[in-house]
Amino acid sequence: MRKSLIFIIAVVVTAATLFFTFNFSGCTASLDEESASQLKNDVYDIYEELKPIYLDSKDIYEVRDHMYEWGKEHGFSVSKLAGGNLVITKHPSRNKKDSPETVFQCTMSQDNYKEHCQTAAIALAAMKNASIHGQVSLILTADIEGKHTGAKMLSRSYLNTDYFMNLEYSPETAVYTGSAATAEYSMSCPLTKSETAADKAYEITITGLSCVDSSDCSKKHPNPIVTIADLLTNCKSGGLIIELAEFNGGTSACKFPSSATAVIVVDQSSETKFLKKLEKCQDDFTDDYYNDQPKMDFECKEVQVPSNVISEKYTSNILSLMYTTVNGTYSTTEEDGEGDPTALANKGIISTKDDFELSMCVRAADNGLLEDMNRSYKKSAELSDMKFAIKDETPCWPFSDGGDFYKVLSSAGSQGGLDMPEPSSTFKKSECAVFYKKKNDINMISFGVNNGSSFEQSKTLVYFLSFICLEK
């Protein structure tokens, strides 16, 4: 009983201390109406200023040069770093030179440029409007085609900070304290062509699908590459005489393909059955996805018979590979396939333009599971007479509860008008995993931000910078 009473008293004292600290300290006084209005305007204005910089520059290095000038014009200290990176710094406010140091980090990319402009604007507006803070910097890491080039080249010295906060675009406010291990695969083989005696050819095209990151497992996403491959496999296993002339689709291994096209040569004896199977495939695909994908289009039209088709051996190898490699959920928390996903796979690009190549992105909850996937997909490729290569690999960032970092950020969110979610792990290919590999004791959180709550999120950062001043 005495121990319980002591515990209760300790909790009450702690809560009272935090309440006094966060509500009555001059360090964390609420933003007045004028300051809040200025911050809100800055979030919007900076976003609008950055958009043409990201959109109109010829490459990421020109973006970096323009951002360098932007930082100087707005009174920040600015330095260019290796790998196309840039650091923008605001020195400590009065009497706060011994306060904790904070580093914000955003991706600098011309892909999905509006999202990257938004994350940078949220950070820069907070830095501009913070009045009580230790040293705070924004590191913009250059990225081309999702390869995290700038993050990989960032010196470890920039990770030696009290608080390191990655800002990335998220449809809803999110806090990530862990990320999956990821790998990109290439499975390929040379192609030989042969003449065809068939007299009918059809072009199957699926277009208009959303090309979003394949880390999203909140719902089932269509994959037109898989749909067409399944149709061809079904035709072959049903004894239909068909030949593959070409098969192309997708633009990124790590995104769900928005389109795919295949040209199929059909023997006259199989044409009727082929068209019936095709019609059923179209109906099933439409039933499954039209409500979520209203712009989708699944067409088949007769085309001129090509002079050459992919030889039977290589067509069989392609379809064997497509059939034996998993797409979608690879494993879950339950052995029967129920539960939450622990590993995902996406067939992102297929090409027969020269040689054959299938590009995939896989994601696993831990490094051991990723190693299992590497072995499994390598074996499937070899059984289909394909070369297998890992083009890119990012290790796991192990999940944590976020500790005191999350507690302070959550309190700042409450002050800033945000309902801060609990920390979670993400299947996204995260720069945080790159930083964790460089420094495994880094005090790091990833803050998912967006346009809809940009003012509240920037205000949260202002409060966060002031709250941590109380530590010293």
Fill in: Listed partners of D56 passing side-chain contact (heavy atoms from CB on, under 4.5 Å), at least two apart
P52
Worksheet item: Looking at residues at least two apart in the chain, or sitting in another chain, which of them share a side-chain contact (heavy atoms from CB on, under 4.5 Å) with P341?
Response: C217, T329, L344, F427
Check: [Y] and [X] side chains under 4.5 Å, non-hydrogen atoms:
X	Y	result
E48	D45	no
F104	I122	no
K114	Q118	no
Y436	S179	no
K236	L232	no
T324	L383	no
Q110	I144	no
R64	I60	no

With no hydrogens and no angle check, is any side-chain donor or acceptor of [X] less than 3.5 Å from a backbone partner on [Y]?
X	Y	value
S466	I132	no
S458	A126	yes
S410	Y406	no
S320	S316	no
T332	E334	yes
T141	A151	no
S453	V449	no
K438	L154	yes
N443	D162	yes
K219	D292	no

Fill in: Contact list for residues 224-234, test side-chain hydrogen bond (donor to acceptor under 3.5 Å, both in side chains), sequence neighbours left out
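side-chain hydrogen bond (donor to acceptor under 3.5 Å, both in side chains) check on residues 224-234 returns N234-K277.
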Of all residues at least two apart in sequence or in a different chain, which pass the ring pair (Phe, Tyr, Trp, His ring centres under 6.0 Å) check with [X]?
X	value
Y330	Y377
F298	F285
Y68	none
Y44	none

Fill in: is_close_aromatic(F164, F435), centroid dist under 6.0 Å
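Yes, they do, as the ring centres are separated by less than 6.0 Å.
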Worksheet item: Taking the six-membered ring where the residue is Trp, are the ring centres of Y47 and Y54 under 6.0 Å apart?
Response: no
Where is the tightest heavy-atom contact between [X] and [Y], given as atom of each residue plus distance?
X	Y	result
M127	K90	O-NZ, 2.7 Å
L465	A130	CD1-CB, 3.8 Å
T177	S400	OG1-O, 2.6 Å
P395	K437	CG-CD, 3.9 Å
S384	L321	OG-N, 3.3 Å
G339	T333	CA-OG1, 3.4 Å

Practice prompt. Give me the one residue out of M373, K391, M187 that meets side-chain contact (heavy atoms from CB on, under 4.5 Å) with M360.
Written response: M187
Worksheet item: Do the side-chain N and O atoms of T205 and T207 include a donor-acceptor pair separated by under 3.5 angstrom?
Response: no
Worksheet item: Can a salt bridge be assigned to the pair D372 and R375 using a cut-off of 4.0 Å between side-chain N and carboxylate O?
Response: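 Between R375 and D372 there is a salt bridge, with a charged N closer than 4.0 Å to a carboxylate O.
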Cut-off 3.5 Å, no hydrogens considered: what does the side-chain donor-acceptor table look like for residues 76-85, sequence neighbours left out?
unit_1: S77; atom_1: OG; unit_2: H91; atom_2: NE2; d: 3.0
unit_1: K80; atom_1: NZ; unit_2: D65; atom_2: OD1; d: 2.9
unit_1: N85; atom_1: OD1; unit_2: A142; atom_2: N; d: 2.8
unit_1: N85; atom_1: ND2; unit_2: A82; atom_2: O; d: 3.3
unit_1: N85; atom_1: ND2; unit_2: G150; atom_2: O; d: 2.9

Could you note down all residue pairs passing salt bridge (charged side-chain N to carboxylate O under 4.0 Å, His left out) where [range] supplies at least one of them, sequence neighbours left out?
range	result
residues 440-453	K439-D441
residues 170-186	K147-E184, E184-K429
residues 342-370	D213-R363

Discussion item. Could you measure the distance from the CG atom of N223 to the OG atom of S214? Nearest 0.5 Å is fine.
Written reply: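 It comes to 9.5 Å.
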Discussion item. Counting neighbours of CZ on F399 that are heavy atoms of other residues, nucleotides or ligands and sit closer than 6.0 Å, is the number greater than 12?
Written reply: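 Atom CZ in F399 is crowded, with more than 12 foreign heavy atoms closer than 6.0 Å.
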Worksheet item: In terms of the angle between their ring planes, are F467 and Y463 parallel, tilted or perpendicular, with boundaries placed at 30° and 60°?
Response: tilted
List the atom pairs, donor and acceptor, that lie under 3.5 Å between side-chain atoms in residues 247-264 and the rest of the protein, sequence neighbours left out.
unit_1: N248; atom_1: OD1; unit_2: T352; atom_2: N; d: 3.0
unit_1: S252; atom_1: OG; unit_2: C254; atom_2: N; d: 3.2

